[in-house]
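Reading through the structure tokens given below for one structure.
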Amino acid sequence: VQLQASGGGLVQAGGSLRLSCAASRTIFGTNILGWYRQAPGKQRELVAIFTGAGDTNYADSVKGRFTISRDNAKNTVYLQMNRLNPEDTAVYYCYMYNKTSFWGQGTQVTVSS
């Protein structure tokens, strides 16, 4: 499975971006998929994810600002990011688990103060 992330860019603090991750095959029936990020000099961390239980998990730092969603018909998962701040600057990776782990190539998000 190939995951193609897009939608990153440069935005001012307080702005919004929507990331998209298109899968090369159906995501219907895939319960675990979502987004991670990695800032310079830091470990990759979970941002938001659909869990196997059908729920969603968010990092505390993004709760109330970010929303994960999916469109099974388009094989795409989204991350709506609002009220961005410079601490959100990172490379964002989409992730999927279906018998094994799949990672997208990453998309850069830069938030200027």
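We're numbering straight along the sequence, starting at 1.
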**OP:** Measure the spacing between OG of S6 and CD of Q105 and express it to the nearest 0.5 Å.
**Re:** 8.0 Å
Subject >> Partners passing side-chain hydrogen bond (donor to acceptor under 3.5 Å, both in side chains) against S16 (at least two apart in sequence or in another chain) >> reply: N82
**OP:** Go through the structure and list residues passing ring pair (Phe, Tyr, Trp, His ring centres under 6.0 Å) with Y95, not counting sequence neighbours.
**Re:** Y36, W103
Original post:
Taking only residues two or more places apart in sequence, or in another chain, which ones meet E45 in a side chain to side chain contact (heavy atoms under 4.5 Å, CB included)?
Top reply: R37
Original post:
Listed by chain and number, what are the salt bridge (Lys or Arg N to Asp or Glu O under 4.0 Å) partners of R83, not counting sequence neighbours?
Top reply: none
Original post:
Is it the case that N98 and T30 place a side-chain donor and acceptor less than 3.5 Å from each other?
Top reply: yes
**OP:** Might you point out which heavy atoms bring S113 and A13 nearest each other, and give the distance in Å?
**Re:** CA-CB, 4.3 Å
Subject >> Cluster companions of V62 among Ile, Leu, Val, Met, Phe, Trp, Tyr (side-chain spacing under 4.5 Å) >> reply: V1, L3, V11, L17, L19, I27, L33, W35, V47, F50, Y58, F66, I68, V77, L79, M81, L84, Y92, M96, F102, V109, V111
Original post:
What distance separates N75 CG from R70 CZ, expressed to the nearest 0.5 Å?
Top reply: 10.0 Å
Original post:
For K63, what residues pass the side-chain hydrogen bond (donor to acceptor under 3.5 Å, both in side chains) criterion, not counting sequence neighbours?
Top reply: D60
